[in-house]
There are 2 protein chains.
Amino acid sequence: MISHARKRPARERLLAAAEELMFVDGVVLTPVDVVLKRAGASAATLYSNFGNKDGLIAAALERRLTDWTQAWDAAIEAADSPTGRLFAIFPALRTYQRERLAERWCAFSGTAAAIYRPSEEIVEMLEAEDELLHARLRAFAGEVAGEDRAQDLADQVAVAYLGTITGMLRGDQETAIARGELVARTLVASLVGEGGADLLGSDE
Amino acid sequence: MISHARKRPARERLLAAAEELMFVDGVVLTPVDVVLKRAGASAATLYSNFGNKDGLIAAALERRLTDWTQAWDAAIEAADSPTGRLFAIFPALRTYQRERLAERWCAFSGTAAAIYRPSEEIVEMLEAEDELLHARLRAFAGEVAGEDRAQDLADQVAVAYLGTITGMLRGDQETAIARGELVARTLVASLVGEGGADLLGSDE
DNA sequence: GTCTATACGAGGATAGAC
DNA sequence: GTCTATCCTCGTATAGAC
């Protein structure tokens, strides 16, 4: 148990500042200096800990992926039906966004869009997020639809998710999430047949 | 009839270079110098024609919107059914992308993502593209579904479109377009009822 | 209308002390 | 491990000639 830790280490403060600033203004547009100022740390500390700016971005993305995974987990556990778990990414996104109103959309797609040729360590994080998205949707789709339709359903819900985050970037965020969620529901209703609605459960 | 026009004016060459470079590497990451070099023009010419870098970006987006509108038009005319016209954005995107393989995704969403607070002239172009997207989808949705469901259908197809372009950014482009198109078909089949498939026509 | 040359600031990264 | 101070490159924009 840590007693009276006056100050978190500079590494932690840098990561927090990077997340708060870079995922709002964009990883490219945010200068290292501004992150340093917010963190109350020096340039030398940043470069000794993370190597360069890309290293800081990758570390911030890694932390973000952990947080997002937990938020998604919580929404999944709150669901009480197969479709509820498949749709859980949308309530998770809604909750997550409300805690981060300054952020326009997704830290991962935002980074992918901002950097033409990302460094290896950043690519790893982007792939990890993509893998998480598709693996989970595939698993839940299997519970909702038959195994022969599961991959197709998961792929289509992934389109709905990506459309949602880009809709957040281009317009009103709550509206975008509501529309994306609606698309997911329409997809399930269509792909699992008329009876699909019966699977929806009470968590909606 | 122009005879022996040795060289297009520098303004034209600057616009072409801006499109070729900025919409590939990103509007922020592409330095003005590189555009100047490609265009074979000088900095003074750029700033006297467009005011500043943002002005060049806005002008390039304006030109891009014209081109994209025409490409979409062509796909619409090639369609021979109401649903074919609603889905036409996907073949249009496929054709458009094949002519611009170096571009990862959408010039408009890419610009929206790259710039945190876009200048007024850039915002105008982003809004114009958004307006085009929703107005057209709304019109075609009216032909496919009843007027009471048209807005809902259009909104959902818009999610499919945005999910498609972001899917292009994050993964394989052809795969992303195929999946987005499939989502649109599923949405129509579901929202216009079982008979929806009958409306599909022969253009698919 | 277009060019050459340059001013000016910003941003990423490092050296060396404590 | 962290700080102060600094270097140096890059990028936007302008001045003035042709």
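Reminder, nothing fancy here: chain letters follow the sequence lines and each chain counts from 1.
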Among D:dA13, D:dT4, C:dT2, the nucleotide that comes nearest once only the side chain of B:Tyr47 is considered = D:dA13
Can you sort out which residues in residues 24-38 of chain A have a heavy atom within less than 4.0 Å of DNA chain C? Ascending by number, please.
-> A:Pro31, A:Val32, A:Asp33
Would you kindly give the CD-to-C1' distance between B:Glu12 and C:dG1, to the nearest whole Å?
-> 15 Å
Hey, could you give me each pair passing side-chain hydrogen bond (donor to acceptor under 3.5 Å, both in side chains) that has a residue in residues 102-117 of chain B? Not counting sequence neighbours.
-> A:Arg170-B:Ser109, B:Arg64-B:Glu103
In plain terms, say whether A:Arg94 and A:Glu99 are close enough for a salt bridge, that is, a side-chain N and a carboxylate O under 4.0 Å apart.
-> no
Using a strict 4.0 Å threshold on nitrogen-to-oxygen distance, state whether B:Glu131 and B:Arg138 make a salt bridge.
-> no
How close or far is atom P of D:dT12 from atom CG of B:Leu46, stated in whole angstroms?
-> 10 Å
Measure from the side-chain heavy atoms of B:Arg13 and tell me the nearest of C:dA5, C:dC3, D:dC3.
-> C:dC3
For B:Ser119, all residues meeting side-chain contact (heavy atoms from CB on, under 4.5 Å), sequence neighbours excluded | B:Asp54, B:Glu121, B:Ile122
Compare the minimum distances between each of C:dA13, C:dT4, D:dA13 and the side chain of A:Lys53, then state the nucleotide with the smallest one.
-> C:dA13
Hey, could you give me the CZ/CG distance between B:Phe108 and B:Leu133, rounded to the nearest 0.5 Å?
-> 11.0 Å
Minimum-distance nucleotide (side-chain atoms of B:Asn52 versus C:dT2, D:dA13, D:dC3) = D:dA13
To the nearest 10 degrees, what angle separates the axes at the start and end of the helix from C:dG1-D:dC18 to C:dC18-D:dG1, five pairs each?
-> 0°
Whole-Å distance separating the CG atom of A:Asn49 from the P atom of C:dG12 | 17 Å
Going by atom types only, do A:Arg179 and B:Gln156 share a side-chain donor-acceptor pair under 3.5 Å?
-> no
For A:Ala10, answer base if it contacts any base atom (sugar-phosphate contacts may also be present), sugar-phosphate if it contacts only those atoms, and nothing otherwise; contact means non-hydrogen atoms under 4.0 Å.
-> sugar-phosphate
Would you mind listing every side-chain hydrogen bond (donor to acceptor under 3.5 Å, both in side chains) that reaches into residues 67-79 of chain A, with sequence neighbours excluded?
-> A:Asp73-A:Arg136
How would you label the contact of A:Ala43 with the nucleic acid (heavy atoms, under 4.0 Å): base, sugar-phosphate, or nothing?
-> base
Under the salt bridge (charged side-chain N to carboxylate O under 4.0 Å, His left out) rule, what pairs show up with a residue in residues 22-43 of chain A, not counting sequence neighbours?
-> A:Glu20-A:Arg38
Which nucleotide in the set C:dT14, C:dT2, C:dT4 lies at the smallest distance from any side-chain heavy atom of B:Ser48?
-> C:dT2
So A:Tyr47 and A:Val32, side chain to side chain contact (heavy atoms under 4.5 Å, CB included) or not? Walk me through it.
-> CA-CA 10 Å; A:Tyr47 289 98; A:Val32 169; 3.9 Å; yes
Whole Å only: how far is the CZ atom of A:Phe50 from the C1' atom of C:dG12?
-> 16 Å
B:Leu56 has an atom CG; how far is it from atom P of D:dA13, in whole Å?
-> 11 Å
